Amino acid sequence: MAYFAYRGRNTRGDLIEGRLEGADSGAIADQLFNTGITPIDIRPAGVVASEAPARDWLRRLQRPPVTLVDLMLFSRQMYTLMKAGVPILRALAGLEESTSNPSLREVIADLRASLDSGRELSTAMRRHPEVFSAFYVSLVRVGEMTGLLETVFLRLFEHLEFEKDIRDRIRGALRYPAFVLAAMALALVVVNVFVIPAFAKIFQGFNAPLPFMTRVLIGFSDFTVTYWPVLLALAGAALVGFNAWRATPAGRYTWHRWKLRLPVAGKILLKATLARFARSFALSVKSGVPIVQGLTTVASVVDNDYMAQRIVQMRDGVERGESVIRTAATTGIFTPVVLQMIAVGDETGELDDLMLEVAELYEREVDYEVKTLAAQIEPILIVFLGVLVLVLALGVFLPIWDLAQVALRR
């Protein structure tokens with residue numbers, strides 16, 4: 001006896017899924033008909049019921065996630081197919097067959113099944129929050145209500161393309177300083193573990209008094225070489241503790257606020273987040289989402305809890321009847337030029353267009369900051385390298401010079 005996975009509909013038309021044991025698919029179909037279920041699909045499960053949960057868990061663990069690029073292609077293809085007049089069920093069927101990501105294929109299959117059972121597309125997407133954000137689902141819902149679902153998918157594609165561009169810029173901006181800091185850390189480890197102990201052996205051979213800085217470097221090097229397992233364990237514990245703290249709501253809020261105040265990268269992250277907010281808000285307003293609902297959904301997609309709290313503060317002010325410009329000014333995150341543009345948009349009813357202008361303004365500033373990042377970070381790196389070289393010179397080369405003078409006098 002083998003196990004078969006089935007999909008069928010009951011007498012009310014609801015989609016039913018499950019697993020049964022039988023000799024073949026015909027026997028499974030007979031069982032389903034006897035219970036009032038009309039089978040749609042019957043496939044061999046291949047594993048016994050006791051093994052299925054573990055196998056399903058392992059399969060979910062191994063399958064690739066749905067990336068931002070996958071969602072971009074999905075949105076663009078949905079727009080193209082709907083613009084060509086293809087019914088939504090046929091469009092989803094075509095995408096299910098053509099997509100190369102098995103995780104997205106399963107999601108699309110579930111969307112088709114949900115639409116078959118009478119659900120709306122936005123309701124079906126809400127079942128997959130790991131793929132479709134609240135902002136994405138909200139705009140799809142608005143498109144269904146207004147009959148502009150095709151246009152909404154195009155705007156979502158443009159929005160996701162912008163998101164990808166912002167993320168790539170931020171990664172590019174942080175890659176150079178991260179590489180330099182990692183190289184410096186590696187150099188310090190090499191100096192402490194290999195270089196200084198070699199010089200310490202030379203100094204011990206002369207039995208001469210050593211300068212204070214040299215004794216400090218040798219002591220620190222000896223401590224590192226002797227207790228490196230303890231230091232490594234402490235570093236691992238600190239990393240785990242930091243991640244655990246950052247996973248808490250208070251810790252995540254504090255960390256996101258600190259990130260925006262970093263010396264060089266902080267202003268890039270702030271401007272990129274503000275550009276993401278402005279474009280998302282403009283898209284929601286242009287799509288017909290009410291301002292209060294739009295601010296609520298945008299707060300969930302800015303990817304920064306500190307900024308999300310400021311946006312929620314704006315939403316609360318609008319709910320109390322205050323103007324958008326007044327609530328934006330109280331957040332303290334917008335420049336005077338941006339506040340002026342928001343004020344004009346609020347008065348003229350063209351808030352969506354002017355928020356797009358705000359987004360483009362911040363995008364240009366992010367692009368400029370990224371291009372000049374090397375010039376901004378060079379003075380910091382030069383000072384750091386200068387201090388490092390000075391310490392090494394005083395601690396290592398100065399006693400060598402003194403010992404050389406003593407040897408020459410002899």
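When reading the values below, keep in mind they use all heavy atoms of this one structure, side chains included, and skip hydrogens, waters and symmetry mates. Because the structure is predicted, anything quoted here is derived from the model rather than measured.
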Trainee: May I ask you to check whether over 12 heavy atoms, not counting those of Trp258, lie within 6.0 Å of atom CH2?
Mentor: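 Open: at most 12 neighbouring heavy atoms sit under 6.0 Å from CH2 of Trp258.
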Trainee: About how many Å separate CG of Leu71 and NE2 of His159, when rounded to the nearest 0.5 Å?
Mentor: 9.5 Å
Trainee: Is the backbone of Glu363 close enough, under 3.5 Å, to the side chain of Asp367 for a donor and an acceptor to pair up by distance?
Mentor: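 Such a contact is absent between Asp367 side chain and Glu363 backbone.
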Trainee: I'd like to know if the side chain of Thr80 reaches the main chain of Arg76, judged simply by a donor and an acceptor atom lying under 3.5 Å from each other, with no hydrogens or angles considered.
Mentor: yes
Trainee: Show the numbers, then the answer: is there a side chain to side chain contact (heavy atoms under 4.5 Å, CB included) between Val344 and Met341?
Mentor: CA-CA 5 Å; Val344 174; Met341 296 180 68; 5.8 Å; no
Trainee: Within the supplied structure, the quantity of interest is the number of heavy atoms (other residues, nucleotides, ligands) at a distance under 6.0 Å from Arg326 CZ; does it exceed 12?
Mentor: no
Trainee: Please report the interatomic distance CG(Asp110) to CE(Met125), rounded to the nearest 0.5 Å.
Mentor: 11.5 Å
Trainee: Show the nearest heavy-atom pair for residues Glu120 and Leu115, with the distance to one decimal.
Mentor: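 The answer is C-CD2, 3.9 Å.
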Trainee: Locate the shortest heavy-atom distance separating Met72 from Phe157; write the atom from each residue and the value.
Mentor: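 Looks like O-CD1, 3.3 Å.
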Trainee: Could you tell me whether the side chain of Ser221 and the main chain of Leu217 form a donor-acceptor pair under 3.5 Å?
Mentor: no
Trainee: Taking the side chain as everything from C-beta on, heavy atoms only, tell me whether Arg279 gets closer than 4.5 Å to Met355.
Mentor: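 Arg279 vs Met355: side chains apart.
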Trainee: Take Met184 and Phe384 through the test side chain to side chain contact (heavy atoms under 4.5 Å, CB included) and record every step on the way to the result.
Mentor: CA-CA 9 Å; Met184 287 184 176; Phe384 188 79; 3.0 Å; yes
Trainee: Apply side chain to side chain contact (heavy atoms under 4.5 Å, CB included) to residues Trp228 and Val193 and explain how you reach the verdict.
Mentor: CA-CA 10 Å; Trp228 70 265; Val193 175; over 6 Å; no
Trainee: Flag yes if more than 12 heavy atoms outside Gln340 fall under 6.0 Å of its CD atom; otherwise flag no.
Mentor: no
Trainee: Nearest 0.5 Å, what's the NZ-CZ distance between Lys286 and Phe281?
Mentor: 12.5 Å
Trainee: Of all heavy-atom pairs between Ile325 and Leu339, which one has the smallest distance, and what is that distance?
Mentor: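 Shortest heavy-atom separation between Ile325 and Leu339 comes out as CD1-O, 3.0 Å.
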Trainee: Walk me through whether Arg112 and Asp116 qualify under salt bridge (charged side-chain N to carboxylate O under 4.0 Å, His left out).
Mentor: CA-CA 6 Å; Arg112 288 181 59 202; Asp116 257 342; 5.5 Å; no
Trainee: Provide the full list of salt bridge (charged side-chain N to carboxylate O under 4.0 Å, His left out) pairs with a residue in residues 238-265, sequence neighbours left out, each pair given once.
Mentor: Arg252-Asp305
Trainee: So, does Arg105 use its side chain to make a donor-acceptor pair with the main chain of Thr99 at under 3.5 Å?
Mentor: yes
Trainee: Taking C-beta and beyond as the side chain, do Tyr362 and Glu365 meet within less than 4.5 Å on heavy atoms?
Mentor: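 Side chain of Tyr362 against side chain of Glu365, heavy atoms only: contact under 4.5 Å found.
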Trainee: Determine the minimum heavy-atom distance between Val66 and Asn101, stating which atoms define it.
Mentor: CA-ND2, 4.0 Å
Trainee: For Phe242 and Trp255, I'd like to know if the aromatic rings sit close, meaning centre-to-centre distance below 6.0 Å.
Mentor: yes
Trainee: Using the rule given for side chain to side chain donor-acceptor pair (under 3.5 Å), can you reason through Glu144 versus Ser122, listing the C-alpha separation, both sets of side-chain angles and the distance that settles it, and then say yes or no?
Mentor: CA-CA 8 Å; Glu144 291 173 333; Ser122 57; 2.8 Å; yes
Trainee: I'd like to know if Lys164 and Asp168 make a salt bridge, using a cut-off of under 4.0 Å between side-chain N and carboxylate O.
Mentor: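 A salt bridge links Lys164 with Asp168.
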Trainee: How close do Glu150 and Tyr79 get, counting heavy atoms only, and between which atoms?
Mentor: O-CD1, 3.1 Å
Trainee: Using modelled atom types and a 3.5 Å cut-off, is there a donor and acceptor pairing between side-chain atoms of Thr296 and backbone atoms of Val292?
Mentor: yes
Trainee: Determine the minimum heavy-atom distance between Ile88 and Leu121, stating which atoms define it.
Mentor: CD1-CD2, 3.6 Å
Trainee: With distance as the sole test, does Thr248 use its side chain to make a donor-acceptor pair with the main-chain N or O of Trp245 at under 3.5 Å?
Mentor: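 Yes, because the side chain of Thr248 sits within donor-acceptor range (under 3.5 Å) of the backbone of Trp245.
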Trainee: Could you go step by step and tell me if Leu354 and Ile342 meet the side chain to side chain contact (heavy atoms under 4.5 Å, CB included) rule?
Mentor: CA-CA 7 Å; Leu354 288 179; Ile342 294 176; over 6 Å; no
Trainee: Hey, are Thr327 and Glu322 close enough side-chain-wise for a donor-acceptor pair under 3.5 Å?
Mentor: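 Result is no, nothing qualifies.
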Trainee: Would you call the rings of Phe132 and Tyr136 parallel, tilted or perpendicular, where under 30° means parallel and over 60° means perpendicular?
Mentor: tilted
Trainee: Would you give the length of the straight line joining atom CD1 of Ile333 to atom CE of Met307, rounded to the nearest 0.5 angstrom?
Mentor: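 That separation rounds to 3.5 Å.
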Trainee: Determine yes or no for a side-chain-to-main-chain donor-acceptor pair under 3.5 angstrom, with Asp165 supplying the side chain and Glu161 the backbone.
Mentor: no
Trainee: Please state whether the rings of Phe334 and Phe277 are parallel, tilted or perpendicular, taking 30° and 60° as the class boundaries.
Mentor: tilted
Trainee: If we ignore hydrogens and angles and just use 3.5 Å, is the side chain of Asn192 paired with the main-chain N or O of Phe220 as donor and acceptor?
Mentor: no
